[in-house]
> 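Okay, here's the structure, questions in a sec.
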Amino acid sequence: MTDHDKLMAKMAEKKAEWDSEDAANPDGPDATDKLLSEAIAMAIDQGKGWKDGERDAYLDKILDDDYIPPLFAGTDEELERTGLTEAFASLQYDDPPEIMMLECKKKGNDAFMSGKKNVSKNVQYYRDAVNHYYEASFHADRVNPVEPGYEPEKDEKGQPLEEGPFYTKEELDILKATLCSNAAMAHQMLKNWGFVRDDATKAVGYDPNNVKALVSARLAKAHQMLKNWEEAGDAIESGLAVPGEEKNSDLLKLQKLLEGKIRKARQERQKRERARAERAVKVKGVWKHCSESGICLGRVPLVASVSDEQDDELGEDEEAQEARWHNHFPHTGLLPERSDVDGEWTWPVLFTYPSHRQSDFVRHFGESEMLAYRMAEMFPEPEDIGATDTHIPWDYNNEFKCTNLAIYFEVHCTENKNDPVHPESVERLKTQGEAMRFYESSRALKGDEGQDMANIARLVERKKLHHQRKAWKKAHGSLWAKPDPCPVARVHPAVTLKQVLIDSRMVVPSFLPSFILFPEEHPAHKEFLKERRCLGVIQPENL
């Protein structure tokens, strides 16, 4: 017997003892004793307090990651796991949904008309109308449509067994379209153009012939105010395409007003589509060349956070993360190109000088060119015999001379095949599809496809980053358990870019080969080699 049961038994025993004493008393039970006895009886019936283990079991249940509060249960199965199915089933509306729908629709109409008649222009009437129309839409979704010509069964007295009204699917869709159209009308009075667009779109979806949403300029007007010119044109044309509305003056007037902006928006969309098709052809060409030549490409997440809020786990705000991220893994948006003259491939190449916090960018670096040629252009030897000064303004100690520089590149993707990749590490691109999606996302985030596509690309990249973080934390316990600094390989200045690209240790992140240069005797060079493991030197083929 548990402590709870022992307590209940003891209370019952004490109550029986007091009741026997009251029964033996010739004056009857004392009022206080009677009241106390009733309280004990109620406490025993209701079982006040936690039973042994009940409190711990309840805490374990609500603290479980898979626990869903009943108010947020999205399916019957989730609600059943909470144990409150019967309680929620008792929360029913008194009237059938058909009646509730019509009542809420009438309340919405009354509120809207009150707003129109209100001299002081109190917009609260329109807000109430919106809420009533939305509630009516909720009840409309609960209505079960009937087949055309349906007649309810009748009892012996000829009375119908079911209360009406009854709606077919077509009639119900028209009614839903009216409710959405009315909600759009109320939102228009509030100048909530985004909601006007959404509700008017729903109205047209329920009933394509519901030109009311278009004639009253709700959908087209909403797109006009949101500066979605192409969508506004589509809405106007859809309205004019309805039989009997070819000469609708409101739609024709709006079409004439927006004609220039609609035409320009459609031309810009066509231009973006052509550019996207051209980029797809270029990425396919790059991937084919890399596959045939044995060049490995890589990528990193294009975003540094998984939400708009501050990323507490990394302890930095989003802007700081993005700056740190993109400084380490820059993405120029450029692709390697093939020359029309000699057929040679050229790459965008980045040279960084950590010792002096400087860099150089070469737009077209031919695969057959030696690194020494480019370095001689960037860091020429002094022309005068015996001269030591270089022409570089930030090279205060005259160390940046072609013959005095050590060249390295980072060796990425050193983990095993099935191991998770840290979110700040380079991930190998395995297929042409992955390469195309990565490049298109990068262009979308740079604004090539408009704000909507940029938002979609950001969400996709955040989802990928979230899964990558989750996999790393599962394997290593924390994002702070970062891998060691990636090793490096040294490059002889006399090698060509092609020799570096086809080296088995080279993975090109973001289509941008990057090299790290140090003056041989600079302290930063020595510190760099203490932190990074050097895997060897790429020598020229003729050495």
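Since the structure is predicted, the reported quantities are computational estimates derived from the model, not experimental observations.
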> What residue pairs, at least two apart or across chains, pass ring-ring contact (aromatic ring centres under 6.0 Å, His included) with a residue in residues 240-290?
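Those involving residues 240-290 are His289-Trp345.
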> Please list, chain by chain and in numerical order, all residues satisfying side chain to side chain donor-acceptor pair (under 3.5 Å) with Asp198, sequence neighbours excluded.
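Scan of Asp198 (side chain to side chain donor-acceptor pair (under 3.5 Å), adjacent residues dropped) gives none.
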> Going by the rule side chain to side chain donor-acceptor pair (under 3.5 Å), which residues pair with Gln124 if we only count those two or more places apart in sequence or in a different chain?
Arg127, Asp128
> Please tell me whether Arg142 and His139 have a donor and an acceptor in their side chains that are separated by less than 3.5 angstrom.
yes
> Identify, with sequence neighbours excluded, every residue that meets side-chain contact (heavy atoms from CB on, under 4.5 Å) alongside Lys288.
Glu292
> Please enumerate all residues that pass salt bridge (charged side-chain N to carboxylate O under 4.0 Å, His left out) together with Asp419, with sequence neighbours excluded.
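Residues passing salt bridge (charged side-chain N to carboxylate O under 4.0 Å, His left out) with Asp419: none at all.
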> Judged by modelled atom types alone, do Ser181 and Arg218 share a side-chain donor-acceptor pair under 3.5 Å?
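Ser181 vs Arg218: donor-acceptor pair found between side chains.
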> For residues 115-125, which residue pairs pass the salt bridge (Lys or Arg N to Asp or Glu O under 4.0 Å) check, not counting sequence neighbours?
none
> Under the salt bridge (charged side-chain N to carboxylate O under 4.0 Å, His left out) test, which residues partner Glu259, sequence neighbours left out?
none
> Please identify each residue that fulfils salt bridge (charged side-chain N to carboxylate O under 4.0 Å, His left out) with Asp141, with sequence neighbours left out.
Lys176
> List for me each residue that meets side chain to side chain donor-acceptor pair (under 3.5 Å) alongside Glu427, sequence neighbours excluded, and say none if there are none.
Lys464
> Go through the structure and list residues passing side chain to side chain donor-acceptor pair (under 3.5 Å) with Ser114, not counting sequence neighbours.
none
> When the side chains of residues 222-232 are checked against the rest of the protein, which donor-acceptor pairs come out under 3.5 Å, sequence neighbours left out?
residue : atom : partner : partner atom : Å
Glu230  : OE1  : Arg269  : NE           : 3.1
Glu230  : OE2  : Arg269  : NE           : 2.2
Glu230  : OE2  : Arg269  : NH2          : 3.0

> Could you pull out all residues at least two apart from Arg276 that satisfy salt bridge (charged side-chain N to carboxylate O under 4.0 Å, His left out)?
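Partners of Arg276 by the salt bridge (charged side-chain N to carboxylate O under 4.0 Å, His left out) criterion, ordered by chain and then number, come out as Glu449.
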